[in-house]
Amino acid sequence: MGKKKRFVFLSDEFYNVYSASNYPEIEQKRNRPYIQVCVEINDVRYAIPLRSDIHHPYVLWTDKANNCGVDFSKAVVISKESYIDSREPHLRQKEFDALRGKDYKIKVKMEKYIEKYKNAKCNLNKPMNQTLVKYSTLQYFENEIGI
């Protein structure tokens, strides 16, 4: 893939391939798209949305008081460069400051989330694991993450 960007929007092509009707857990706001944080793990590129109103622990908080942060449960795999929109996202200063110097931490937390997802998928007799798998977008990318 070409030049790696840290913050991106997903393209219309991505949303056409991963439509809301077939992939309901993927966050889709065409009129106000989510800014995504990109990270690469084991040669797989992920886009992790910055969201608000988060009520689970799979997050790197940018504003915990308002439940805003990097939501690992809604990460998607970017398998084609054309899934990245050409528009440049602009973060609010508060979010930018909260994420400054956090690239390594985001990568480590994403790696841990992937492992947690894999373990949950292998042990679906626990209701907590069923919930994690049901609401995670990783369910659509199991081949890419090695399940």
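Below, each value reflects all heavy atoms present in this structure, side chains not excepted, and no hydrogens, waters or symmetry copies.
- Heavy-atom neighbours of Lys116 NZ from other residues, nucleotides or ligands within 6.0 Å: at or below the threshold of 12.
- Atom OG of Ser79 is separated from atom CG of Asn143 by 11.5 Å, given to the nearest 0.5 angstrom.
- Around atom CG of Asn125, more than 12 heavy atoms belonging to other residues, nucleotides or ligands sit under 6.0 Å away.
- Taking a 6.0 Å sphere around CZ of Arg92, one finds it holds 12 or fewer heavy atoms contributed by other residues, nucleotides or ligands.
- A donor-acceptor pair under 3.5 Å is absent between the side-chain atoms of Glu144 and the main chain of Val44, judged by distance alone.
- The shortest distance between side-chain heavy atoms of Val76 and Leu10 falls below 4.5 Å.
- When all heavy atoms of Gly101 and Arg6 are compared, the pair lying nearest together is N-NH2, 4.5 Å.
- A ring-centre distance under 6.0 Å is not found for Tyr15 and Tyr83.
- To the nearest 0.5 Å, atoms NZ (Lys109) and NZ (Lys102) are separated by 11.0 Å.
- Looking at every heavy atom in both residues, Asp71 comes nearest to Ile48 through O-CG2, 3.3 Å.
- For the pair Glu25 and Lys134, the minimum side-chain heavy-atom distance is 4.5 Å or more.
- Hydrophobic clustering (ILVMFWY, side-chain heavy atoms < 4.5 Å, transitive): Ile41 and Ile78 are in one cluster.
- Residues Tyr34 and Leu50 approach most closely at CD2-O, 3.3 Å, considering heavy atoms.
- In this model, no donor atom of one side chain and acceptor atom of the other lie less than 3.5 Å apart for Tyr58 and Ser136.
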Evaluate salt bridge (Lys or Arg N to Asp or Glu O under 4.0 Å) for Lys112 paired with Glu115, printing each intermediate quantity in order.
CA-CA 5 Å; Lys112 288 180 180 178; Glu115 284 307 308; over 6 Å; no
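- Nearest heavy-atom pair across Cys68 and Ile54 is C-CD1, 4.4 Å.
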Full working for side chain to side chain contact (heavy atoms under 4.5 Å, CB included) between Ile26 and Tyr140:
CA-CA 9 Å; Ile26 293 178; Tyr140 311 128; 3.9 Å; yes
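- Distance check, rounded to the nearest 0.5 Å: OH of Tyr113 to CD1 of Ile145 gives 9.0 Å.
- Between the CG atom in Asp97 and the NZ atom in Lys94 there is a gap of 10.0 Å [rounded to 0.5 Å].
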Step-by-step side chain to side chain contact (heavy atoms under 4.5 Å, CB included) determination, His55 to Asp53:
CA-CA 6 Å; His55 298 282; Asp53 200 31; 2.7 Å; yes
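- Under a 3.5 Å cut-off, the side chain of Gln28 and the backbone N or O of Tyr18 do form a donor-acceptor pair.
- Here the straight-line distance linking atom NZ of Lys121 with atom CG of Leu138 works out to 11.0 Å at 0.5 Å rounding.
- Between the side chain of Lys74 and the backbone N or O of Tyr135, at least one donor-acceptor pair lies under 3.5 Å.
- Summarising the local packing, CG of Asn42 is surrounded by 12 or fewer heavy atoms from other residues, nucleotides or ligands at distances under 6.0 Å.
- In this structure, the separation between CG on Asn67 and OG on Ser52 is 8.5 Å, given to the nearest 0.5 Å.
- Neither Val59 nor Val39 shares a network with the other; the hydrophobic side chains, linked directly or stepwise wherever heavy atoms of I, L, V, M, F, W or Y lie under 4.5 Å apart, form separate groups for each.
- The minimum heavy-atom distance between Ile35 and Phe9, with the atom names listed, is CG1-CE2, 3.6 Å.
- Closest non-hydrogen pair, Asn119 versus Asn129, comes out as O-ND2, 4.5 Å.
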Full working for side chain to side chain contact (heavy atoms under 4.5 Å, CB included) between Val77 and Tyr46
CA-CA 5 Å; Val77 170; Tyr46 297 88; 3.8 Å; yes
After noting the C-alpha distance and the side-chain angles of Gln139 and Tyr117, does the key distance pass the side chain to side chain contact (heavy atoms under 4.5 Å, CB included) rule?
CA-CA 9 Å; Gln139 66 184 294; Tyr117 178 87; 3.3 Å; yes
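- Between Asp85 and Val8 the shortest side-chain heavy-atom distance does not fall below 4.5 Å.
- For the pair Lys107 and Glu40, the salt-bridge criterion is not met [side-chain N within less than 4.0 Å of a carboxylate O].
- Put simply, the side chain of Val37 does not reach to within 4.5 Å of the side chain of Leu60, judged on heavy atoms.
- Side chains of Phe7 and Leu99 form a contact here, defined as non-hydrogen atoms less than 4.5 Å apart.
- Between Glu95 and Arg100 no salt bridge is recorded (no basic side-chain N to carboxylate O distance below 4.0 Å).
- Put simply, the side chain of Thr137 gets close to the backbone of Ser73: a donor and an acceptor are under 3.5 Å apart.
- Under the 3.5 Å distance criterion, the side-chain polar atoms of Glu142 are left unmatched by any main-chain donor or acceptor of Ile147.
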